[in-house]
Amino acid sequence: MTIELQNITKLYGEQKALDQVSLSINKGEITGLLGPNGAGKSTMMKIISCFLPPSSGEAKVYGFNVMDDPLKVKAKIGYLPEHNPLYPEMYVREYLHYVAGIYKMKDNIEERINEVVKLTGLQIEQNKKIGALSKGYRQRVGLAQSLIHDPEILILDEPTTGLDPNQLVEIRELIKSIGKEKTVLLSTHIMQEVEAICDRVVIINKGKIVADDETSKLSKLLGNTETIKIELDKSVKLADLKRISGVSNAIQINELSYEIIASGDQDIRKALFQWAVKSDIQILSMNKKDSNLEHVFQQLTKA
Ligand code: ADP
Ligand code: MG
């Protein structure tokens, strides 16, 4: 097993950031760690990358315990931290040299830098200062530094946050192509990102894993949950929608549009019409929506 977590708990003072988390990551997979802000994603990644000790439990990478053999673990892992802290005054190649130094690489450093520059599409920008690069290219530098020692595992903490839509697509493609050769664990709070790049999704909420499955299977996890999209002639309170018989949750899409999630596989359309008539509200449109990952996520991480 490449990464193995057993009953990992992490406390920051009184606060439990991770609560008895167990997880195994298979070689060669791209796994998405999906969860809202504060779920514990970064904490988990820092523990795997030896930047933070767990309060209890065991974390192993290729059988090496993160507490006992941090150097062996770090040799296996390339880590791109959240907010990718780079040195804006350094030149791209100078920075990659610096990182190679941290890993105590001695041989063929120039060749390896050439390789990662090529791999991450940095050729044109390789002689610029990091501070002069766009956010998308800075993220490529972040990926290049994580790859410099040719690790088998990549841990990427929210690698696409803050990118514009074009950069986002480019970085996702890059991660997918690098992921063909590596085991990748990436965190995100964007459902579509998981659908776009990951083979497997692990959903984490309030320090606990609430779902873990192949991406393609996860949307079926909640069974026959049905979502109805409605447009009304006036806005209503979500609480009123949630009180309708057979409704488990409601989400406001915009001022007059709502998505209503049924509990189980009930057909709630009749109940919705009855509620509308009684409340003197007109339903302008009503459509059934297939259950997708976004809804699974909302269901699993709702308060
Ligand atoms: P995520 O990456 O999913 O947003 P984090 O792992 O950063 O979540 O945080 C999990 C929880 O732990 C949050 O409630 C956060 O406020 C708390 N936390 C994270 N780092 C620290 C810290 N250094 N000191 C105290 N609390 C922290
Ligand atoms: Mg985080």
Side-chain angles (χ1 to χ4, degrees), residues 3-25 29-61 66-67 70 73-74 77-86 135-136 138-139 141-143 145-146 153-163 167-168 171-172 175 179 183-198 200-213 215 218 293-303:
I3 301 172
E4 183 111 52
L5 304 182
Q6 259 174 23
N7 301 320
I8 292 285
T9 293
K10 177 67 191 181
L11 295 162
Y12 294 110
E14 297 275 284
Q15 196 189 353
K16 220 178 242 181
L18 291 177
D19 188 1
Q20 296 277 329
V21 167
S22 296
L23 178 67
S24 303
I25 303 286
E29 274 183 351
I30 301 185
T31 301
L33 187 59
L34 177 65
N37 283 330
K41 304 181 295 295
S42 297
T43 300
M44 188 197 284
M45 295 182 137
K46 284 178 197 162
I47 289 172
I48 297 167
S49 314
C50 308
F51 282 90
L52 205 63
S55 305
S56 63
E58 204 173 49
K60 284 183 179 169
V61 173
V66 295
M67 300 292 281
V73 171
K74 283 185 181 178
I77 285 184
Y79 172 51
L80 177 62
E82 204 176 7
H83 313 306
N84 187 12
L86 299 169
K135 177 97 189 25
R138 264 181 259 173
Q139 214 52 350
V141 178
L143 282 169
Q145 68 78 28
S146 75
I153 302 170
L154 282 183
I155 307 274
L156 312 175
D157 197 353
E158 304 221 15
T160 63
T161 297
L163 301 182
Q167 296 168 339
L168 195 97
I171 295 294
R172 281 180 188 167
I175 292 170
T183 303
V184 179
L185 178 64
L186 71 90
S187 70
T188 176
H189 56 270
I190 307 162
M191 286 66 67
Q192 291 83 348
E193 184 140 291
V194 170
E195 286 179 311
I197 9 187
C198 302
R200 173 179 167 196
V201 55
V202 173
I203 302 184
I204 179 170
N205 190 37
K206 297 189 186 123
K208 285 191 159 102
I209 291 176
V210 292
D212 177 356
D213 213 332
T215 309
L218 195 78
L293 198 54
E294 187 152 1
H295 286 105
V296 177
F297 179 66
Q298 278 162 345
Q299 290 278 304
L300 290 169
T301 60
K302 70 184 172 193

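Whatever order the structure lists ligands and atoms in, that order sets their numbers, starting from 1. This chain uses plain numbering: 1 for the first residue, then up along the sequence.
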May I have the list of side-chain donor-acceptor pairs in residues 14-25 shorter than 3.5 Å, sequence neighbours left out?
{"residue": "Asp19", "atom": "OD2", "partner": "Lys208", "partner atom": "NZ", "Å": "2.9"}
{"residue": "Ser22", "atom": "OG", "partner": "Asn7", "partner atom": "N", "Å": "2.9"}
{"residue": "Ser22", "atom": "OG", "partner": "Asn7", "partner atom": "OD1", "Å": "3.4"}
{"residue": "Ser24", "atom": "OG", "partner": "Glu4", "partner atom": "OE2", "Å": "2.8"}

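Rounding to the nearest 10°, we obtain 110° for the angle at the Mg ion (ligand 2) between Glu82 OE2 and Ser42 OG.
Taking Gln145 as the reference, nothing meets the side chain to side chain donor-acceptor pair (under 3.5 Å) condition, with sequence neighbours excluded. With sequence neighbours left out, Ser187 forms a side chain to side chain donor-acceptor pair (under 3.5 Å) with Asp157.
With a 6.0 Å cutoff to the six-membered ring centre and a 45° limit on the axis angle, Lys74 counts as a cation-pi contact of Phe51.
Separation of atoms CD (Glu82) and OG1 (Thr161) is listed at 7.0 Å; rounding is to 0.5 Å.
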Enumerate the pairs of nitrogen or oxygen atoms, one from ligand 1 and one from the protein, separated by less than 3.5 angstrom; state names and distance to 0.1 Å.
{"residue": "ligand 1", "atom": "2 (O)", "partner": "Ser42", "partner atom": "N", "Å": "2.9"}
{"residue": "ligand 1", "atom": "2 (O)", "partner": "Ser42", "partner atom": "OG", "Å": "2.8"}
{"residue": "ligand 1", "atom": "3 (O)", "partner": "Ala39", "partner atom": "N", "Å": "3.1"}
{"residue": "ligand 1", "atom": "3 (O)", "partner": "Gly40", "partner atom": "N", "Å": "3.0"}
{"residue": "ligand 1", "atom": "3 (O)", "partner": "Lys41", "partner atom": "N", "Å": "2.9"}
{"residue": "ligand 1", "atom": "3 (O)", "partner": "Lys41", "partner atom": "NZ", "Å": "2.9"}
{"residue": "ligand 1", "atom": "4 (O)", "partner": "Gly38", "partner atom": "N", "Å": "2.7"}
{"residue": "ligand 1", "atom": "6 (O)", "partner": "Thr43", "partner atom": "N", "Å": "2.9"}
{"residue": "ligand 1", "atom": "6 (O)", "partner": "Thr43", "partner atom": "OG1", "Å": "2.5"}
{"residue": "ligand 1", "atom": "8 (O)", "partner": "Gly40", "partner atom": "N", "Å": "3.1"}
{"residue": "ligand 1", "atom": "14 (O)", "partner": "Gln15", "partner atom": "NE2", "Å": "2.6"}
{"residue": "ligand 1", "atom": "20 (N)", "partner": "Tyr12", "partner atom": "OH", "Å": "3.4"}

Self-check item: Verdict with supporting geometry, Leu143 and Leu156, side chain to side chain contact (heavy atoms under 4.5 Å, CB included)
Solution: CA-CA 8 Å; Leu143 282 169; Leu156 312 175; 3.8 Å; yes
